[in-house]
Every structure is written in C-alpha cells, then in structure tokens.
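The structure under discussion appears below in the form of structure tokens.
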Amino acid sequence: MPSSGVKIAEEVIGAFSRLKNPPKDLHWIKCALDDKNENIVLIDKLEKSNDFTADDVAAHCKDDEAFYMVIDVKMNDGGRVLEKILFLQWCPDTAPVKKKMLISSSAEDLKAKFNGFGAKLEASDSGDVTSEAIKSAIKSGK
C-alpha cells in the first residue's frame with residue numbers, strides 16, 4: 001500500500017501503459033482520487049485519433065479539483081521536436097484541503113508506478129500550465 005494509504009487502481013496503470021508503449025494510442029490520461037479519497041482512479045483520457053496541443057492542457061485544469069495528468073508531449077522548439085512523457089500534478093490552492101494533502105502525499109507512489117516519464121510539472125495556477133511552462137519542463141527534463 002502506498003505511504004499515503006491511497007491505492008492506485010489497475011485501470012490507471014493500464015492506461016499509462018497504453019500511453020507509453022506501442023502502439024502509444026493515447027495523448028494523455030487524467031487520474032484523481034475517488035469520492036472516498038481511498039483510490040486513485042482514471043477519470044479521463046484522450047485517444048491519439050483526436051487533435052491535441054500543449055495549449056489544451058489548461059482547459060482541463062479547474063480551480064476546484066486536484067488531479068494527476070500524464071501527457072505524451074510532442075512540440076516544436078525552434079525547428080527541433082521535443083518529445084517526452086510529462087507527469088503533471090495539478091493542485092490548486094482552492095481545492096479541498098484533504099484532497100490537496102492526499103494528492104501531494106500520493107504523488108511519489110504514483111510516479112514510481114509510472115516508470116518511464118521524462119519530465120514533471122507541479123502546478124497550482126493556470127499560468128503554470130501554459131505551453132511555454134510545459135516546454136520548459138520538457139526541456140529541463142525534471
């Protein structure tokens with residue numbers, strides 16, 4: 001069991017595998033705590049057949065929810081292509097306190113299950129999830 005006591009649903013691990021491994025048929029997955037704050041569950045995903053850019057990430061970041069998003073990012077940077085899997089931890093100040101605490105304390109356990117992402121980004125404000133912020137995270141690889 002993870003150190004926070006929150007379990008990670010198998011559907012989350014399966015969706016990450018679809019994003020990371022061939023045929024790599026997902027742009028992103030979004031997961032969050034269930035209503036009882038006991039499990040991290042898959043709440044949304046985007047198939048590769050749909051259009052997606054880094055600018056679209058902010059539309060999924062609402063002020064009243066905390067979640068994780070794993071994104072297969074591919075973007076241009078002055079003529080070269082940047083491509084990495086990004087782990088986004090969205091935890092706005094206005095989210096419920098208990099959810100913020102559990103999202104923060106469960107992040108390392110979830111990242112350990114998601115072996116293979118190349119960059120991470122912790123965000124609490126819409127200005128933290130712009131395409132430039134995502135590009136910076138991808139370039140730094142942290």
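What you see is a predicted model, and the numbers here were worked out from it, not measured in a lab.
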Are there over 12 heavy-atom neighbours, none belonging to Asp35, within less than 6.0 Å of that residue's CG? no

Counting only heavy atoms not in Lys45, do more than 12 fall under 6.0 Å of its NZ?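 Counting neighbours around NZ of Lys45, 12 or fewer heavy atoms of other residues, nucleotides or ligands fall under 6.0 Å, so no.
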
Taking [X] for its side chain and [Y] for its backbone only, find out whether a donor-acceptor pair lies under 3.5 Å.
X      : Y      : answer
Asn39  : Val41  : no
Ser140 : Ala137 : yes
Ser17  : Ile13  : no
Tyr68  : Ile103 : yes
Asp77  : Arg80  : no
Trp90  : Lys62  : yes
Lys20  : Asn115 : yes
Lys84  : Ile138 : yes
Glu38  : Val6   : no

If I take atom [atom1] from residue [X] and atom [atom2] from residue [Y], how far apart are they, to the nearest 0.5 angstrom?
X      : Y      : atom1 : atom2 : value
Ile8   : Cys31  : CD1   : SG    : 8.5 Å
Asn21  : Phe16  : CG    : CZ    : 7.5 Å
Asp128 : Cys91  : CG    : SG    : 11.5 Å
Ser105 : Lys100 : OG    : NZ    : 13.0 Å
Leu33  : Ser106 : CG    : OG    : 6.0 Å
Met69  : Ile43  : CE    : CD1   : 9.0 Å

Heavy-atom check, side chain of [X] versus side chain of [Y], under 4.5 Å:
X      : Y     : result
Lys74  : Val81 : yes
Ser104 : Gln89 : yes
Trp28  : Asp44 : yes
Lys135 : Met75 : yes
Ile40  : Lys7  : no
Val129 : Leu88 : yes

What pairs of donor and acceptor atoms, side-chain ones from residues 51-61 against any protein atom, are under 3.5 angstrom apart with sequence neighbours left out?
residue	atom	partner	partner atom	Å
Thr53	OG1	Asp55	N	3.4
Asp55	OD1	Ser131	OG	3.0
Asp56	OD2	Thr53	N	2.8

The single option from Leu19, Leu110, Val12 that satisfies side-chain contact (heavy atoms from CB on, under 4.5 Å) with Val70 is Leu19

Which heavy atom of Lys99 sits nearest to which heavy atom of Asp34, and what is that distance?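 Closest pair (atom of Lys99, atom of Asp34, distance): NZ-O, 3.4 Å.
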
Do the side chains of Glu132 and Lys139 get close enough for a salt bridge, i.e. N-O under 4.0 angstrom? no

Basic-acidic side-chain contact under 4.0 Å: Glu10, Lys113: no

Could you go step by step and tell me if His27 and Glu47 meet the side-chain contact (heavy atoms from CB on, under 4.5 Å) rule? CA-CA 6 Å; His27 279 297; Glu47 305 283 334; over 6 Å; no

Sequence neighbours excluded, which residues qualify as ring-ring contact (aromatic ring centres under 6.0 Å, His included) partners of Phe117? Phe87

With Asp72, which residues qualify under salt bridge (Lys or Arg N to Asp or Glu O under 4.0 Å), at least two apart?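 Here the qualifying residues are Lys24, Lys48.
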
